[in-house]
Amino acid sequence: SPPAGASSGSGALSPFDRRLKRKQKNWAALQAEPAKCDYLREEVGGRIADRVFDITRTFPLALDVGSGRGYIAQHLTKETIEKLIQVDISENALKNAVDSEIPTVSVVADEEFLPFKEDTFDLVVSSLRYVLITYLLFFLIHQVLKPDGVFIGAMFGGDTLYELRCSLQLAELEREGGFSPHVSPFTAVSDLGHLLSRAGFNTLTVDTDEIQVNYPGLFEVMEDLQGKYILYGNINDFCMGESNCSWNRKPLLHRETMLAAAAIYREMYGNSDGSVPATFQIYYMIGWKFHESQARPAQRGSATVSFGDLAKVDGLLSRGKK
């Protein structure tokens, strides 16, 4: 069970052990080849950068929340971002950040308690840092944005690693008579719009994407993921640094259960070439902080033309062609 100090600043209980998360991240950043597990972060970081480029303006000061080794910064240009503040809970990740042409400043801080004043940044980005989003996280990001500032983020969706989750659950039910969560909980896409709106964002955009990676087998999936993003706190050899750090995580998986899960995984989801797929669902979100200059929808009932009149327009056009 969580200790007394596990609650967030709002008084709500945090679903994750933040001290364990810091240890996981610092450990992963010190591995001999941390870049070999960064392919997914780099891919999504590039897609976040593409969304930044779609906005035709220059951002004097931007914030990367949970920057890690700079997965977004390496794709951005100094013509778009004049200065970037990178925040991460892991000091080792910031020390080993990849090179970027943008002037950057590194700040070691818990992403759930941003140490910045209100109305500071023109842009806030975040890629695969948050697994389970709460209202408080969006509120803090909205608070540090300037009016007319924009937040562009990405996070794992609810269908992420469904193959692995189903295989483990079936194996545990068969061998141990019940199952426990081994993957951190996710936010449903239906909740994102509500949470963004409640935090004060407007002109919202939420879309989803899927990235599928093939592995030799279940053990390779777990070895890759437990250092990576979201997974298991019960196997030690992980390279991505995001093992499951929820308070109700199970301390271990038995060997017989793991072997059964590997067989189930291959039988239910295996590819014809003998590999197994791991699916990552990604939610992308964009939200703006209100400013008087922004376009706003017209008031309900102010329209002067009915959609029913469109049929008449089509008829007039057809006659004109004749």
Side-chain angles (χ1 to χ4, degrees), residues 24-25 28-29 31 33-55 62-77 80-81 84 86-90 93-94 96-102 104 111 123-133 150-165 183-184 186-187 189 192 205-216 220-231 238-243 269 271 275-286:
Q24 291 171 351
K25 295 295 183 185
Q31 299 311 296
E33 297 181 54
K36 74 177 184 179
C37 298
D38 288 344
Y39 53 87
L40 190 56
R41 286 194 182 279
E42 291 178 354
E43 173 64 26
V44 176
R47 299 185 186 190
I48 290 289
D50 288 341
R51 286 163 168 80
V52 175
F53 295 142
D54 288 339
I55 303 173
L63 172 67
D64 185 353
V65 180
S67 60
R69 298 177 59 249
Y71 307 105
I72 301 177
Q74 64 181 318
H75 299 286
L76 298 172
T77 64
T80 305
I81 309 292
L84 179 67
Q86 295 180 306
V87 174
D88 199 273
I89 197 172
S90 168
L94 292 172
N96 295 314
V98 297
D99 293 332
S100 171
E101 65 179 72
I102 305 170
T104 60
E111 304 92 337
L123 167 71
V124 176
V125 294
S126 181
S127 178
L128 303 182
R129 172 53 59 198
Y130 298 120
V131 177
L132 183 66
I133 286 287
V150 59
F151 166 59
I152 303 177
M155 62 180 295
F156 288 107
D159 288 339
T160 295
L161 300 174
Y162 69 88
E163 305 99 337
L164 183 59
R165 286 184 288 167
V183 180
S184 296
F186 299 101
T187 299
V189 67
L192 279 183
T205 302
V206 177
D207 61 283
T208 67
D209 195 6
E210 283 190 356
I211 299 175
Q212 191 173 88
V213 182
N214 292 322
Y215 292 88
E220 289 77 12
V221 175
M222 296 183 72
E223 179 182 0
D224 202 18
L225 295 174
Q226 237 174 340
K228 198 175 211 159
Y229 306 105
I230 14 177
L231 287 195
F238 290 118
C239 67
M240 297 189 191
E242 290 255 14
S243 303
Y269 304 106
N271 299 317
S275 64
V276 297
T279 301
F280 299 91
Q281 184 181 40
I282 312 296
Y283 296 155
Y284 296 95
M285 65 206 90
I286 301 175

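Being a predicted model, the structure only gives us computed values, none of them experimental.
- With hydrogens and angles disregarded, no donor-acceptor distance shorter than 3.5 Å links the side chain of Ser67 to the backbone of Gly70.
- Side-chain contact between Val44 and Tyr284: present, with at least one pair of heavy atoms (C-beta onward) separated by less than 4.5 Å.
- Judged by distance alone, the side chain of Asp159 and the main-chain N or O of Gln281 form no donor-acceptor pair under 3.5 Å.
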Report the C-alpha separation of Asp64 and Tyr71 in whole Å, then their side-chain angles, then the decisive distance to 0.1 Å, and conclude whether the side chain to side chain contact (heavy atoms under 4.5 Å, CB included) test is met.
CA-CA 10 Å; Asp64 185 353; Tyr71 307 105; over 6 Å; no
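- Using a 4.5 Å heavy-atom threshold, the side chains of Arg69 and Leu94 count as separate.
- Closest heavy-atom contact between Val189 and Thr208: CG2-CG2, 4.0 Å.
- Ile282 contributes atom CD1, which lies 5.5 Å from atom OG1 of Thr160 (distance to the nearest 0.5 angstrom).
- A side-chain donor-acceptor contact under 3.5 Å links Ser126 to the backbone of Val65.
- Side-chain contact between Ile81 and Leu123 is present, with at least one heavy-atom pair separated by less than 4.5 Å.
- For the atom pair CD1 (Ile102) and NE2 (His75), the distance works out to 11.0 Å, reported to the nearest 0.5 Å.
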Determine, stepwise, if the pair Met155 / Leu128 fulfils side chain to side chain contact (heavy atoms under 4.5 Å, CB included).
CA-CA 4 Å; Met155 62 180 295; Leu128 303 182; 5.6 Å; no
I'd like to know whether Asp209 forms a salt bridge (charged side-chain N to carboxylate O under 4.0 Å, His left out) with Arg47, so could you lay out the CA-CA distance, the side-chain angles of the two residues, the decisive distance to 0.1 Å, and finally the verdict.
CA-CA 11 Å; Asp209 195 6; Arg47 299 185 186 190; 2.2 Å; yes
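- Residues Asp88 and Gly68 come closest through the heavy atom pair OD2-N, 2.8 Å.
- Here the CE atom belonging to Met285 is positioned 11.5 Å from the OG1 atom belonging to Thr205, to the nearest 0.5 angstrom.
- By the 30° and 60° cut-offs, the orientation of the rings of Phe280 relative to Phe156 is tilted.
- Counting only heavy atoms from C-beta outward, the side chains of Thr77 and Glu101 approach each other to under 4.5 Å.
- Between Phe53 and Thr80 the shortest side-chain heavy-atom distance falls below 4.5 Å.
- Between Ser127 and Gly45, the shortest heavy-atom contact is OG-N, 3.9 Å.
- Proximity of a side-chain donor or acceptor of Tyr283 to a complementary backbone N or O of Gly158 within less than 3.5 Å is detected.
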List the steps and the verdict of side chain to side chain contact (heavy atoms under 4.5 Å, CB included) for Val276 and Tyr269.
CA-CA 6 Å; Val276 297; Tyr269 304 106; 5.7 Å; no
For the pair Val52 and Asp54, evaluate side chain to side chain contact (heavy atoms under 4.5 Å, CB included) and give the outcome as yes or no after the intermediate values.
CA-CA 5 Å; Val52 175; Asp54 288 339; over 6 Å; no
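- Residues Ala49 and Leu76 come closest through the heavy atom pair CB-CD2, 3.7 Å.
- Remark: Asp99 CG is loosely packed, at most 12 non-hydrogen atoms of other residues, nucleotides or ligands lying under 6.0 Å away.
- Side-chain contact between Tyr39 and Val213 is present, with at least one heavy-atom pair separated by less than 4.5 Å.
- For the residue pair Glu163 / Thr279, a side-chain donor-acceptor distance below 3.5 Å is found, with atom types taken as modelled.
- Taking the charged nitrogens against the carboxylate oxygens, Asp207 and Arg51 do have a contact shorter than 4.0 Å, which makes a salt bridge.
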